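Keep in mind it's a predicted model, so treat the numbers as computed, not measured. Each chain gets a letter, A, B and so on, in the order its sequence line appears, and its residues count up from 1.
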Number of protein chains: 4
Amino acid sequence: MNTTNKKIEQRQVSIQALLSAARTLFVSQGYQGTNLEQIASNANLSKGAVYFYFKSKETVLIELLKQVEKIVVDDAIAHIESKLRTSPLDQLIAYVHYQTNLGITHLADVLLLVLMSLEFKEKKSATQEFLAQMYQRQCDFMENLIKEGQLSKDFRQDLPAKELASIVLGAHDGTFLAWYKRSDVLDGKDLARSLRMMMIDGLTHQ
Amino acid sequence: MNTTNKKIEQRQVSIQALLSAARTLFVSQGYQGTNLEQIASNANLSKGAVYFYFKSKETVLIELLKQVEKIVVDDAIAHIESKLRTSPLDQLIAYVHYQTNLGITHLADVLLLVLMSLEFKEKKSATQEFLAQMYQRQCDFMENLIKEGQLSKDFRQDLPAKELASIVLGAHDGTFLAWYKRSDVLDGKDLARSLRMMMIDGLTHQ
Amino acid sequence: MNTTNKKIEQRQVSIQALLSAARTLFVSQGYQGTNLEQIASNANLSKGAVYFYFKSKETVLIELLKQVEKIVVDDAIAHIESKLRTSPLDQLIAYVHYQTNLGITHLADVLLLVLMSLEFKEKKSATQEFLAQMYQRQCDFMENLIKEGQLSKDFRQDLPAKELASIVLGAHDGTFLAWYKRSDVLDGKDLARSLRMMMIDGLTHQ
Amino acid sequence: MNTTNKKIEQRQVSIQALLSAARTLFVSQGYQGTNLEQIASNANLSKGAVYFYFKSKETVLIELLKQVEKIVVDDAIAHIESKLRTSPLDQLIAYVHYQTNLGITHLADVLLLVLMSLEFKEKKSATQEFLAQMYQRQCDFMENLIKEGQLSKDFRQDLPAKELASIVLGAHDGTFLAWYKRSDVLDGKDLARSLRMMMIDGLTHQ
DNA sequence: AATGAATGAGCATTCATTCAT
DNA sequence: GATGAATGAATGCTCATTCAT
C-alpha cells in the first residue's frame, strides 16, 4: 500500500471516529448539549481536527443524518418495494419488521433521527430542511401503503389514511423512545413483537 | 380591593406570564435553546424579574412540570380511578379519551412533558429525577390496568403487559409529536380518534 | 411618650439594627462580599428599608466608619491628651493600653477600620478619603508622641519616628488581624499583654 | 529552536503575563474587585485565553499563591533551617532579615498573601484551605523558634510563645500593609531596619 | 415607615470558530 | 493531517438601585 492510500485510509478512520463519537453524544446529550471538545476527545482527536474534516458542528450532524437517511428511509423503502407484487398487508408487515429490527441493529441511528427532528423542529437551518424532507418521504410512503391497503380491504377503512400513517410512524418513534428510556426493565424482543402486532392488528381490525 | 390584594394579584400575573412564556419557548426551542432574555421579554419583563420569582432557569421548568404533572398524571389517574367499578376495558377507553383530549386542550403541557423527558434523559438533575418519577407512575398505572384487563380477558394475553404499557404510552407520545410536526396537514379530531381505536382494537385483539 | 417620639425611637432602632448587621457582615465577608439583602434581612428589614435610611450601600459604611472614628481615633487621642502632663512613655503606655483594650471591647469596630482600609485602598471614593484622613491622624499623633519621647530620651533615638510610628500602628493592626484569624488558639489577655510589652520594650530599648 | 519549543515558550509567556497581571490587580483591587476582563486585557489577551490556561478565576489565584508559598514560606524556612547550628537568636535575626527583605524584593507576593488571607477568611473554598495551611505552617515555625529561644534564655520568658509568635507575624504583616499604604512618605530601608530592631529587642528584653 | 416588584449593568463561564504552525 | 492558542459572542446569574404603594 502506498503513502497516498495510507493517508486516505487514515482520513476515513478519523472521519468515522468523529462521526461515531458525535452520534453517540448527540443521542445521549442532544446536539446543543454536546460540545466539539467532547466529540473530538471521544475520537482521540483535537477540536481543530473536527474543522479539518467538517465545515462546522452542524455539518457533522448533517453527515450523520445522510447515513441515517439511507438506512432508515432509503433502504426501508427499497426493501418494501422489492416486494411490490405482494399484498399491502404483507408490505406493511415487511415494513414494520424492518423498522423494529432497526431498533436492534441501528438503535443509535433511529434515535438520532427522532431526537434531532425534535431538537431542530423550529430552528430554521439546513438540518431542519433535511429532516423535514426525510420525514415527508416517510409519511408519504406510509400513507400510500395504507391507502392501497384500504382499497384492497386489507386494512380498516373507518379511519383516514393520513392520520393512520402518522400514528404508525409516531408509535414507532414513541416506542423507540420508550425503549431508550427504560431498556433496563423492558425486553427488546417482546417490545418489538408487541409493537408489530399492535400495529398490524390495529390496522387490520374490521 | 386593598393594596395587599393588588400586589398578590400582580405577583400572580407576572408569574403566570413568565411561566406561560417559558412553556411556549421550551416547547418550541427546547430548554437549552431558550435563554432567559427570551422568557423575560416574552412576558414583558426583564431578566432580573425572572430571578425575583424563581431561583434559577431550572426552577422555572420544574414549576411548569409540577403543573403538568397534575394535569397529565394526577388528574388522569384520578379520572380513571373514579370509575373503578367499571371493566378494565372501559377504564382504558376512559384513559385514552382523557389523554387524546389533552392533546387538544393542553397540547403545550403534554409536549413539554415529552420533550423535557428527552432533553433531560441523561442529565443528572432535579428535573431529571422529577421526570423519571412521573414517567414511572404512568408506566405503573398503565401496566396494572393492562394486567387487570388480561386477567379479565378484556385484553389480549399473547403479549406481556409491561411492553404493551410502554407501547400505549409511547404511541401517545409519538402521536403528539407527529401532531406537533404536522398539525398543518393533519386533522386533530381524526388523529385522536384513530389513535384511540388503534390502541383499543390493538389491545383487545384476540 | 407621644407618637412623634415613638417614631423617632423606632427610627433609631431600625438604623442601629441595620448598622449593626452591616458591621458584622462587612467584617466577616468584606464590603464587596456583602450584599444589601443580607444586611437588611439580618436586621429583620427589607432591602428597601436600607434605602429609606441611607442613600446607598456606601453611605451605610461611611456611617459606620464615623462611629468607629470616634471610638478608635477621637476618644483614643482625647484619652491620651487628658494625660498631657505625664511623660511620653506614660502616654504611650496609656495609648497602647487603650488600643489593646479596644480589641476586647470593640473588636468589630477595630477590624472594620483595618479591613475597610485595605479594601478601599485604591478605590477612589468618599470612603477612601475618609479612611485616608483617619489614618493620617493616627500616624501624625503617634509620630508626634514618639518624637517627644525621643527628645525626652524615654524612647530609643536610633530609629526614625515616622517609621517607628508606622510599626506601632501596623503591629497593632497586624495583631488584631492575627487575633481574628486565630482567636480559637490564642489567649486574648496574653496577646494584648504581649503586644503592649513588645511595643513598649521595643521602643524604650537603649 | 523547533516548533514545539516555540509553542511551549509562548505558553509560558502567556501564562506568566496572566499571572503577573492577576497578581498586580488582586493586590491593588482585591480578588472580588478584579474581573477577568481586566486580568486578560492587562496581559494583552482575551478573557477566553484565561480559560484556556486556567480552570477558573479562583484557579488563577491558587496558582499565584503556590508561587508565593514557595517564596514566603518554603524558602524562608529552608533559609533558616540551613542555619540550624546557630542560636535561636541568630535564627530569628536571619528570619526577620529574610522577611523584611521580601518586602523589598517581592512586595506584591507578600501583600497578595496578606490580603487574600483576609479576603478569604470566612469564605469556604479551596483557596481558604490553602491559605489556612500556609498560615499554620508559619505560626508553627515561629512558635517553635521562640520556644527554643526561651529555653536557651535568648528570649524573654515572661510572655507565652504562641502569642509572641502571632505578634511577630502580625507585626510583619501590619508593617507591610503600612508600607503599602504610605510608601510615599516612608523610607523602606528605615522601615525594615526599625521593624527588625523592634522585634529583636522586644523579644530579647529581659 | 417600609415593602415588594422590577430593572439593568456587570460578571464568571462556555463554546463554536479561526488560524498559524 | 492535525494541533494548540486565542477569540468573542452568548448566557445564566447577582446585585445595587429605583419606585409605586
Heavy atoms from C-beta onward define the side chain here; which of [options] lies closest to that of [X]?
X      : options                  : result
Q10(C) : dA6(F), dG1(F), dA1(E)   : dA1(E)
A49(A) : dA1(E), dT3(F), dT7(E)   : dT3(F)
S46(A) : dG12(F), dG4(F), dA16(E) : dG4(F)
S14(B) : dT17(E), dA6(E), dC13(F) : dA6(E)
L45(A) : dC13(F), dC11(E), dT3(F) : dT3(F)

Open item on the list: On a heavy-atom basis, which atom in Q29(A) and which in Q38(A) lie closest, and how many Å separate them?
Closed with: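 The answer is OE1-OE1, 3.1 Å.
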Open item on the list: Would you say Y53(D) places a side-chain N or O within less than 4.0 Å of OP1 or OP2 belonging to dA6(F)?
Closed with: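 Indeed, a polar side-chain atom of Y53(D) lies that close.
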Task: Validation row: L18(C), N42(C) side chains within 4.5 angstrom (heavy atoms) - done: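 No - every pair of side-chain heavy atoms lies 4.5 Å or more apart.
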Open item on the list: For a 4.5 angstrom cut-off between non-hydrogen side-chain atoms, does F26(B) reach L61(B)?
Closed with: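 Side-chain contact under 4.5 Å: yes.
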Task: Pairing partner (Watson-Crick or G-U wobble, both distances under 3.5 angstrom) of dA20(F) - done: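 Partner of dA20(F): dT3(E).
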Rounded to the nearest angstrom, tell me the gap between atom [atom1] in [X] and atom [atom2] in [N].
X      : N       : atom1 : atom2 : result
I39(D) : dC11(E) : CD1   : C1'   : 12 Å
E37(B) : dC13(F) : CD    : C1'   : 13 Å
F52(C) : dT17(F) : CZ    : P     : 18 Å

Open item on the list: Regarding dT17(E), can its base be found pairing with the side chain of K47(A) as donor and acceptor, where the two atoms are less than 3.5 Å apart?
Closed with: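 Side chain to base: pair found, below 3.5 Å.
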- [ ] Tell me, yes or no, whether the heavy-atom count around K123(D) atom NZ, taken from other residues, nucleotides or ligands under 6.0 Å, exceeds 12.
- [x]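 Yes, because the 6.0 Å sphere around NZ of K123(D) holds more than 12 heavy atoms from other groups.
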